[in-house]
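Take a look at the structure below.
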Amino acid sequence: MNNNLKDSILEQINSGDARMRPRFYFILQICALALVTIAVLVLSIIICNFIFFSLRINGPIFELFPWWLLVADIALIALLEWLLRKFSFGYRNPVLYVVLGIVVIVIALSLFIDRVTSINDTLLHRADAHQLPPPFGDFVEGARRPLPPGSGLYKATIVAIGNDTLTVDLFGTTTPFTVLVRPGDHIVDSLHIGDVILVSGRDVATSTIHANSIHQLPSVALPSQE
Amino acid sequence: MQPVPDPTDEMLVARVRSGDTEAFGVLVERYEPKLLRYGRKFLSTHEDIQDVVQTVFINAYQNIRSFDMAQRFSPWIYRIAHNAFVNSLRKNKQSRISFVDFDTFLAHPVYEDTAVKESELAEIKEMTSVALEKIPANYKEVIILYYLEEMSYKDIAEVLQIPTGTVGIRLKRAKLALKKVYEEMNLQYEQ
């Protein structure tokens, strides 16, 4: 056995060059790690909630899906998995289980916030009324994705309902439009005057749209008139 | 008069925490030969190995208050040693240890057969030195810890901070990799 190594180590300890770190150092370390982990989890939930909100008010349209937010959220979930591996319950379980657990928690809480509470709708109303500070208000208003020009997508408010037609006020215009509903499309049965809808279709004539599909949207899908 | 049993590692840690530096000297005496032997599987120069082992003990002393007294000391210090040797390898750009550990993605069943281990032990020890250098680093680690340091799956999992099931699957793949190396080297490896 090499006494030199032992002697060298004990000399460093006895001279004070090597000191035991105090217990509160490790407690602080764990607290800091826990805080960062919670912050990343909360941010991930906020972004996921925003994605679900965007889907709800824009409809399930491929062109309107906020893909960049999904990429950001996936990156946050990967970061969260890496942080959780610093704790024993993180590295003792397979990565897939930890990631699935995170995804389930994030999705469940995000859906709860968007579908059960009215937080998102309230924030959007306040953003419309310019009651939120600029960067935050702009972010919330950004949930209403602009319709790509020439995409055949139209947001409108129903002003009259016929047998197979709807008279609507298209967002951004003052002229009433007529929407020709596909025969047999029973969505008309569930619509009411004042409802906001997303129409996918094509112009067949001036102020007339031949609808391929109609999705009902929440009232916040269009800016409030306060 | 009955001889006083040697204090356990964990008893010594408790004494170190209360200020008994001589108790830490005893821990150094116990683990220095093991860590030097472990280090020989990572680094080639004796001076480099000694430097890293000294760093390991100093780190262990500095962080001794973070040790969970409900756990065993051995995997804890091997974990510090493992990190130190891996960092040393990375600094020397000798490491083939991947940052992404695909073995930990899924769960794997745990089958640890101690009877098979005994019969394989002598044979593995005899033939591994040469062949170990030729297999991937993450396979080499589990072979060294299981057969040469004689650790259990649970302890290896704590050292490498991976699921226990992953230790088993990695060991199985490591043995297959070794077998392939032996075949290439025209050595006999009897299962």
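Within every chain, numbering begins at 1; the chains are lettered A, B, ... in the order of the sequence lines, protein sequences first and strands thereafter. Any value given below was found using the heavy atoms of this structure, including those in side chains, with hydrogens, waters and symmetry copies removed.
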Non-hydrogen atoms of [X] and [Y] that approach each other most closely:
{"X": "Pro163(B)", "Y": "Pro94(A)", "value": "CG-N, 3.8 Å"}
{"X": "Arg85(A)", "Y": "Gln161(B)", "value": "NH2-O, 3.9 Å"}
{"X": "Leu5(A)", "Y": "Gln50(B)", "value": "CD1-O, 4.1 Å"}

Hey, are the side chains of [X] and [Y] touching, using non-hydrogen atoms and a 4.5 Å cut-off?
{"X": "Ser66(B)", "Y": "Arg21(A)", "answer": "no"}
{"X": "Glu158(B)", "Y": "Tyr91(A)", "answer": "yes"}
{"X": "Ile9(A)", "Y": "Phe24(B)", "answer": "yes"}

Surrounding CD of Gln71(B) (heavy atoms of other residues, nucleotides or ligands, distance under 6.0 Å), is the total greater than 12?
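Yes, enclosed.
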Please indicate whether Arg23(A) has more than 12 foreign heavy atoms, meaning atoms of other residues, nucleotides or ligands, lying under 6.0 Å from its CZ.
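It does not: Arg23(A) CZ has 12 such atoms or fewer within range.
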Check ion pair Lys6(A)-Glu32(B) (N to O, under 4.0 angstrom)
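No, this pair does not count.
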If you round to the nearest 0.5 Å, how far is CD1 of Ile27(A) from CZ of Arg65(B)?
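Between atom CZ of Arg65(B) and atom CD1 of Ile27(A) there are 11.0 Å.
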Point-to-point distance, once rounded to the nearest 0.5 Å, from CG of Asp17(A) to CD1 of Ile58(B)
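These two atoms lie 8.5 Å from each other.
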Is it the backbone or the side chain of Arg19(A) that comes under 4.5 Å from a heavy atom of chain B, or both, or neither?
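Backbone of Arg19(A) only, per the 4.5 Å heavy-atom cut-off to chain B.
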Give the member of Asn59(B), Thr21(B), Asn63(B), Ile64(B) that has the highest number of heavy-atom pairs under 4.5 Å with chain A.
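Sorted descending by pairs with chain A, the first entry is Asn63(B).
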